[in-house]
Amino acid sequence: MTGIGVLRPVAAVASLLACSAVAGTGSSTPAPNLRDPAVVAAGRKLFEERQCATCHGSDGNGGVKLAGLGDLDPADVFATIADGRVEGNLRMPAWRGVLSDKEIWEATAYVLVLAHSSR
Ligand code: HEC
């Protein structure tokens, strides 16, 4: 774990993110600064320790790819993680109640970084 790999994409994403926009997420916790490297690092840890990496790969390049998706709306990402999604035969589990809103925001911050990494 170098940390560098996380920090560089963060700088790239930083300029693209507006830090408001939480309408429609159902989050009771205001969004943290999703560009904060500490928030991204917490999200990365969670991503690897919970089952996220099982389906998505620890670098977002696993079976259900998150890498290379490009610009994602933070509120949409939060909502997908919180409420899950069904896509054909694939099911993204809902995490609301399993993870706190704060943790879901941290995972969101990491997903936004992954989405800007290359496939
Ligand atoms: C059981 C497998 C599985 C697990 C575990 C899982 N996901 Fe997913 N995830 C999926 C599937 C399937 C999709 C839908 C893919 C699609 O839309 O084509 C998805 C979609 C997503 C998306 C939406 C990407 C987009 O296109 O907007 C995000 C973000 C995401 N997952 C994050 C997470 C996070 C964070 C975790 C852990 C807390 C997690 N996933 C755990 C299977 C999983």
Side-chain angles (χ1 to χ4, degrees):
M1 268 229 265
T2 63
I4 297 289
V6 171
L7 295 178
R8 254 202 262 101
V10 166
V13 169
S15 57
L16 299 166
L17 288 179
C19 80
S20 49
V22 257
T25 60
S27 171
S28 55
T29 308
N33 180 356
L34 299 174
R35 297 173 270 186
D36 183 342
V39 173
V40 174
R44 177 185 188 156
K45 189 161 181 284
L46 195 151
F47 197 90
E48 288 167 355
E49 289 176 358
R50 304 293 182 135
Q51 291 98 321
C52 320
T54 312
C55 291
H56 295 291
S58 58
D59 57 357
N61 248 318
V64 182
K65 286 195 195 306
L66 296 175
L69 291 177
D71 290 336
L72 298 176
D73 179 350
D76 283 352
V77 172
F78 183 99
T80 300
I81 299 170
D83 301 323
R85 190 197 285 180
V86 176
E87 198 71 39
N89 293 329
L90 301 173
R91 197 178 67 86
M92 162 78 184
W95 295 89
R96 203 191 293 278
V98 177
L99 300 177
S100 67
D101 282 4
K102 178 173 170 285
E103 290 173 317
I104 297 175
W105 280 123
E106 290 165 351
T108 298
Y110 184 55
V111 166
L112 294 176
V113 170
L114 288 179
H116 277 273
S117 66
S118 55
R119 281 174 192 262

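Note that ligands are numbered from 1 as they come in the structure, with each ligand's atoms numbered from 1 the same way.
- In terms of heavy atoms, S118 sits closest to A67 at O-CB, 3.9 Å.
- Among protein heavy atoms, the minimum distance from atom 12 (C) of ligand 1 is reached at L90 CB, 3.3 Å.
- Considering D73, L112, V111 only, the shortest heavy-atom separation from atom 29 (C) of ligand 1 involves V111.
- Applying the 4.0 Å criterion to heavy atoms of R91 picks out, from ligand 1, the atoms 1 (C), 2 (C), 12 (C), 42 (C).
- Around atom 26 (O) of ligand 1, the closest heavy atom drawn from V98, L69, T108 belongs to L69.
- Rounded to the nearest 0.5 Å, atoms NZ (K65) and OG (S117) are 10.0 Å apart.
- Near V77, with a cut-off below 4.0 Å to any heavy atom, the atoms of ligand 1 are 29 (C).
- Every atom of ligand 1 with a heavy atom of Q51 under 4.0 Å away is listed here by number and element: 5 (C).
- Here the heavy atom of the protein found nearest to atom 16 (C) of ligand 1 is E87 CG, 3.6 Å.
- Among protein atoms, those of element N, O or S found less than 2.8 Å away from atom 8 (Fe) of ligand 1 are H56 NE2, M92 SD.
- I81 and V64 fall into different hydrophobic clusters, where Ile, Leu, Val, Met, Phe, Trp and Tyr side chains are chained together by heavy-atom contacts under 4.5 Å.
- In this structure, R50 falls outside the shell of residues with a heavy atom less than 4.0 angstrom from ligand 1.
- V77 places a side-chain heavy atom less than 4.5 Å from the side chain of L112.
- Closest approach of L72 and A115 over heavy atoms only: CD1-CB, 3.7 Å.
- Summarising the geometry of T29 relative to S27, their closest heavy-atom pair is O-OG, 2.5 Å, with the distance given to 0.1 Å.
- Between V39 and P32, the shortest heavy-atom contact is CG1-CG, 4.1 Å.
- Neither the backbone nor the side chain of D76 comes within contact range of ligand 1; no heavy atom lies under 4.0 Å.
- M92 is listed as a side-chain neighbour of T80, based on a closest heavy-atom distance under 4.5 Å.
- Evaluation of the ring-ring contact (aromatic ring centres under 6.0 Å, His included) test over residues 45-93, restricted to residues two or more places apart or in two chains, returns F47-Y110, F78-W105.
- Under a hydrophobic clustering in which Ile, Leu, Val, Met, Phe, Trp and Tyr are joined whenever their side-chain heavy atoms come within less than 4.5 Å, directly or via other members, V111 and W95 fall into the same cluster.
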